[in-house]
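Written below as structure tokens is the structure these notes are about.
Remember, predicted model here, so these are calculated numbers, not experimental data. In what follows, chains are A, B, ... by sequence order, proteins preceding strands, each numbered from 1.
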Amino acid sequence: MKQKLESLLLHAVETLKADGILERELNPKINIERARDQLHGDFATNLAMMLAKPAKMNPRQLAEKIIVALATDKAVTKVEIAGPGFINFFIDPKAQYQIINTIHQQGNKFGLSQLGAGKKVQVEFVSANPTGPLHVGHGRGAAYGSAVAELLAAVGFEVEREYYVNDAGRQMDILATSVWLRYLEECGEVLTFPSNGYRGDYIREIAANTHRESSNEYRHPVTLVFEEIPADEPQGGDKDKHIDALIARAKTLLGDKQYHDVFQTGLNGILADIRQDLSEFGVDYQQWFSERQLMDDGSIDEALTRLRDAGHIYEKEGATWFASSQLGDEKDRVVVRENGQSTYFASDIAYHMNKLDRGFDQIINIWGADHHGYIPRVKAAMQALGADTEKLKVLLVQFAVLYRGGEQVQMSTRSGSFVTLRQLRNEVGQDAARFFYVMRKSEQHMDFDLKLATSKTNENPVFYVQYAHARVCSVLKQLAEKGLQRDIPAGEENLDKLTAEQEVALVSSLTRYPEVVERAAVQYEPHLLINYLRELAAEFHSYYNAHQFIVDDVAIRNARLNLIYSVKQVLANGLNLLRINTPESM
RNA sequence: GCGCUUGUAGCUCAGCUGGAUAGAGCAUCGGCCUUCUAAGCCGAGGGUCACAGGUUCGACUCCUGUCAAGCGUACCA
């Protein structure tokens with residue numbers, strides 16, 4: 001419909017040019033939007049106001065001329081000038097009603113498109129360090145990232161979902177050592193757990209499993225383990241020196257092979273948990289990409305060599321630096337430390353080189369907002385590698401600030417005091433959690449009161465949308481119980497009987513669905529889809545209360561049933577896209 | 001200090017990429033179930049869109065400045 005109006009207007013502009021009213025060189029962008037108010041018809045354009053100045057006419061006069069030049073079209077019943085110079089179009093309801101038939105034909109394919117034309121897009125999200133279970137902060141990235149991925153897939157992109165596993169670095173050593181110390185406790189050793197170790201219960205579980213499976217294989221007496229280890233902070237020492245010494249001790253006492261075993265046990269245990277958690281949350285990945293692999297297969301060396309060859313690398317104070325400040329970053333960054341170890345950033349350069357080599361047309365990184373300062377250096381690295389930085393899109397997700405009954409909940413993986421995603425899912429339910437996370441714009445700071453979310457689950461808007469779906473199902477069930485059947489062709493023939501205010505509104509909303517999906521996908525804003533579903537549900541509930549569907553008049557009955565069936569279909573399509581269930585009864 | 005993000009109803013948030021009278025949920029108040037699910041509907045009150053300038057036919061939306069909040073500003077990951 002929009003396209004049709006656009007071409008009508010383009011023709012009108014050409015006519016005016018031919019008549020000498022408009023200058024030949026003018027090439028206006030035709031802007032057509034849906035009218036917000038029904039009084040203003042269905043669509044409106046601001047064309048006359050845009051052209052008023054170059055044409056040296058007042059907008060309303062020009063609008064009149066445009067309308068005169070406009071070719072007539074069956075679907076357009078009325079065109080009028082309004083306000084400062086809007087041209088409003090009123091569309092024949094009959095043309096709009098066709099959407100109901102379209103929805104019947106396309107079913108769960110309605111709303112899908114080929115906009116993406118099969119372009120390859122990678123969406124990397126969550127990628128939380130595997131040092132503990134996912135907490136509610138990660139949940140937002142998980143829900144948002146998967147919604148973005150699903151939307152892109154729906155509009156025809158070939159999407160690959162990826163989780164970057166930070167399985168290298170000091171944090172992981174701390175994790176391995178924490179597991180080992182808990183394991184020693186399982187063996188019966190008595191020790192003071194380092195203040196900087198991971199204290200969560202999940203570490204004890206992993207340690208207990210290890211002990212069950214391997215008995216005392218990794219056991220060493222505590223006296224040996226802590227011999228000449230610098231004091232921990234609570235004992236007046238330095239917590240970092242303390243834990244680093246313990247890591248080194250673990251490596252010597254266990255040897256490479258056994259240390260690696262313990263390390264791997266910890267990593268696998270947590271990763272398995274994360275994987276299961278996400279899968280249960282409706283988030284599935286095609287790829288789990290290991291940071292350690294980049295080190296082992298020489299990718300990091302290769303990336304640095306490429307940067308060096310391109311003249312972006314220099315040595316200073318014993319370290320190796322990437323001259324990112326010349327490519328838009330605030331300052332240069334270390335890639336290889338004085339001690340010879342590469343930095344996390346070096347891994348990330350290699351990782352992005354790898355992504356580029358995999359031939360994606362678009363690379364989307366979804367990061368926590370606390371990483372925003374990181375964007376310029378990654379873009380700088382991509383540019384230095386000779387890539388188009390436009391290929392990379394970083395979407396930031398603000399963290400939710402957690403409250404419990406008005407009091408802020410502090411979260412720290414290290415101390416083990418945090419609310420896990422799993423707890424949240426169990427408390428508020430799968431659908432509510434997903435819906436809630438995606439409901440708000442991703443860059444919006446979010447307050448999340450757990451007490452409110454858990455105590456008043458009925459107020460969660462997800463039920464409102466699901467309820468609309470269930471109500472339609474219920475009507476269709478009632479129909480069968482009354483020995484009646486939905487006559488689809490009869491409904492199609494009588495769509496013009498749908499003249500009630502609520503019916504017109506619903507039909508108009510149904511026609512919007514494909515546009516909403518496209519917009520939500522292209523702008524990476526799944527909350528637009530949520531808003532749409534809430535509006536559609538509201539219009540349906542309103543309709544439900546105002547009119548009876550199973551009426552004696554066969555023509556009206558079937559027309560109405562076709563309409564509400566279409567509503568159910570679109571609600572289901574939208575909820576499915578968001579991986580939210582569509583209950584048939586509630 | 002500098003940078004990024006945000007500031008809209010009592011609270012939590014939308015506002016369709018510059019359009020017509022700024023919307024919804026919760027909370028408050030008043031109505032609607034002997035007929036398809038009341039997890040619903042109908043209605044009322046509630047706003048200096050942080051503040052001040054600017055850009056133009058028109059600004060919650062764009063620009064500048066001020067104020068406030070969160071985050072960042074490592075040879076941590």
Inset, instruction - Using atom CG of Asp173(A) as one end and atom C1' of C76(B) as the other, report the distance to the nearest whole Å. - result: 13 Å

Inset, instruction - Under the side chain to side chain donor-acceptor pair (under 3.5 Å) rule, what do Gln502(A) and Tyr544(A) come out as? Steps first, then yes or no, please. - result: CA-CA 9 Å; Gln502(A) 294 88 346; Tyr544(A) 183 95; over 6 Å; no

Inset, instruction - May I ask you to check whether Tyr543(A) and Phe549(A) place their ring centres under 6.0 Å from each other? - result: yes

Legend entry - P-based separation of G7(B) from U61(B) [nearest Å]: 11 Å

Legend entry - Sugar-phosphate, base or nothing in reach of Tyr464(A), heavy atoms under 4.0 Å: sugar-phosphate

Legend entry - Expected output: side-chain Asn46(A) to main-chain Phe86(A) donor-acceptor under 3.5 Å: no

Inset, instruction - Assign Ser542(A) to base, sugar-phosphate, or nothing according to its heavy-atom contacts below 4.0 angstrom with the strands shown. - result: sugar-phosphate

Legend entry - Minimum-distance nucleotide to Arg534(A) side chain [options: C36(B), A24(B), A77(B)]: A24(B)

Inset, instruction - In whole angstrom, give the distance that lies between atom CG of Asn31(A) and atom P of G58(B). - result: 18 Å

Inset, instruction - Decide, applying a 5.5 Å centre-distance limit and a 30° plane-angle limit (both strict), whether Tyr544(A) stacks on G40(B). - result: no

Inset, instruction - Would you mind classifying the nucleic acid contact of His547(A) as base, sugar-phosphate or nothing, using non-hydrogen atoms under 4.0 angstrom? - result: base

Legend entry - For atom CZ of Phe549(A) and atom P of C36(B), their distance in whole Å: 12 Å

Inset, instruction - Looking at every strand, decide which applies to Gln398(A) at a 4.0 Å heavy-atom threshold: base, sugar-phosphate, or nothing. - result: sugar-phosphate

Inset, instruction - With heavy atoms under 4.0 Å as the rule, sort Ala44(A) into base, sugar-phosphate or nothing. - result: base

Legend entry - Watson-Crick/G-U partner (both atom distances under 3.5 Å) of C11(B): G25(B)

Inset, instruction - Test for a donor-acceptor pair under 3.5 Å between the base of G3(B) and the side chain of His372(A), counting only N and O atoms. - result: yes

Inset, instruction - Nearest whole angstrom, please: distance from the C1' of C75(B) to the NZ of Lys316(A). - result: 11 Å

Legend entry - Validation row, ring centre Tyr351(A) to ring centre Tyr164(A) under 6.0 Å: yes

Inset, instruction - For the side chain of His527(A), starting at C-beta, report the closest nucleotide among C75(B), C36(B), G15(B). - result: G15(B)

Inset, instruction - Give none if C41(B) has no partner; otherwise give the nucleotide forming a Watson-Crick or G-U wobble pair with it, both distances under 3.5 Å. - result: G31(B)

Inset, instruction - Round to a whole Å and report the spacing from NZ of Lys441(A) to C1' of U12(B). - result: 14 Å

Inset, instruction - Looking at every strand, decide which applies to Thr320(A) at a 4.0 Å heavy-atom threshold: base, sugar-phosphate, or nothing. - result: nothing

Inset, instruction - Rounded to the nearest angstrom, tell me the gap between atom NE2 in His371(A) and atom C1' in C71(B). - result: 12 Å

Inset, instruction - Check whether any side-chain N or O of Arg34(A) sits under 4.0 Å from OP1 or OP2 of A20(B), and answer yes or no. - result: no

Legend entry - Comparing Val336(A) and His40(A) on RNA chain B - which has the more 5′ nearest nucleotide: His40(A)

Inset, instruction - Could you measure between the two P atoms, the one in U56(B) and the one in C75(B), and give it in whole Å? - result: 47 Å

Legend entry - Interatomic distance where CE belongs to Met586(A) and P belongs to C36(B) [whole Å]: 18 Å

Legend entry - Distance between C1' atoms of C49(B) and A59(B) (Å, rounded): 11 Å

Inset, instruction - Specify the glycosidic conformation (syn or anti) of C33(B), with syn defined as within 90° of 0. - result: syn

Legend entry - Separation of the C1' atoms in G18(B) and C60(B), to the nearest angstrom: 11 Å

Inset, instruction - Determine the contact category for Glu317(A): base if any of its heavy atoms lies under 4.0 Å from a base atom, sugar-phosphate if only primed atoms, P, OP1 or OP2 are that close, otherwise nothing. - result: base

Legend entry - Positive for side chain to side chain contact (heavy atoms under 4.5 Å, CB included) with His469(A), one of Thr582(A), Val567(A), Asn581(A): Thr582(A)

Inset, instruction - For Ala35(A), answer base if it contacts any base atom (sugar-phosphate contacts may also be present), sugar-phosphate if it contacts only those atoms, and nothing otherwise; contact means non-hydrogen atoms under 4.0 Å. - result: nothing

Inset, instruction - Ignoring backbone atoms, test whether Arg471(A) places a side-chain nitrogen or oxygen under 4.0 Å from the OP1 or OP2 oxygen of A38(B). - result: yes

Legend entry - Proximity to the side chain of Gln548(A) - top-ranked nucleotide from C4(B), U35(B), G19(B): U35(B)

Inset, instruction - Run the ring-centre check on Tyr513(A) versus Tyr532(A) and record whether the distance is less than 6.0 Å. - result: yes

Inset, instruction - State the CG-CD1 distance between Asp238(A) and Ile243(A), to the nearest 0.5 angstrom. - result: 11.5 Å

Inset, instruction - Between Gly318(A) and Asn531(A), name the one whose nearest nucleotide on RNA chain B is closer to the 5' end. - result: Asn531(A)

Inset, instruction - With heavy atoms under 4.0 Å as the rule, sort Arg519(A) into base, sugar-phosphate or nothing. - result: sugar-phosphate

Inset, instruction - Taking atom P in both G45(B) and A22(B), compute the distance separating them and give it to the nearest angstrom. - result: 14 Å

Legend entry - Between C13(B) and G54(B) - C1' atom distance, rounded Å: 30 Å

Inset, instruction - Answer with base, sugar-phosphate or nothing: what part of the nucleic acid does His541(A) contact at a heavy-atom distance below 4.0 Å? - result: sugar-phosphate

Legend entry - C4(B) to U66(B) separation - P atoms, rounded to the nearest Å: 13 Å

Inset, instruction - Among G19(B), A77(B), G3(B), find the nucleotide with the atom closest to the side chain of Met49(A). - result: G19(B)

Legend entry - Euclidean distance, atom CG of residue Leu51(A) to atom C1' of U56(B) [Å, nearest integer]: 16 Å

Legend entry - Separation of the C1' atoms in G43(B) and G3(B), to the nearest angstrom: 49 Å

Inset, instruction - Please round to the nearest 0.5 Å and tell me the distance separating atom CD1 of Ile91(A) and atom OG1 of Thr511(A). - result: 10.0 Å

Inset, instruction - Hunt down the Watson-Crick or G-U wobble partner of U73(B), both distances under 3.5 Å, from any strand shown, or write none. - result: G1(B)

Legend entry - Phe540(A) six-ring centre to Arg471(A) NZ/CZ under 6.0 Å and within 45° of normal: no

Inset, instruction - Please work out if Asn88(A) contacts a base, only the sugar-phosphate, or nothing of the nucleic acid, heavy-atom cut-off 4.0 Å. - result: base

Inset, instruction - Classify the nucleic acid contact of Lys477(A) as base, sugar-phosphate or nothing, counting any heavy atom under 4.0 Å across all strands shown. - result: nothing

Inset, instruction - Classify the nucleic acid contact of Ala168(A) as base, sugar-phosphate or nothing, counting any heavy atom under 4.0 Å across all strands shown. - result: sugar-phosphate

Legend entry - Pair of N/O donor and acceptor under 3.5 Å linking G72(B) base with Asp370(A) side chain: no

Inset, instruction - Counting Watson-Crick and G-U wobble pairs only, both distances under 3.5 Å, name the nucleotide matched with C51(B), or none. - result: G65(B)

Inset, instruction - Identify whether any heavy atom of Phe345(A) sits under 4.0 Å from a base atom; if not, whether one sits that close to sugar-phosphate; answer base, sugar-phosphate or nothing. - result: nothing

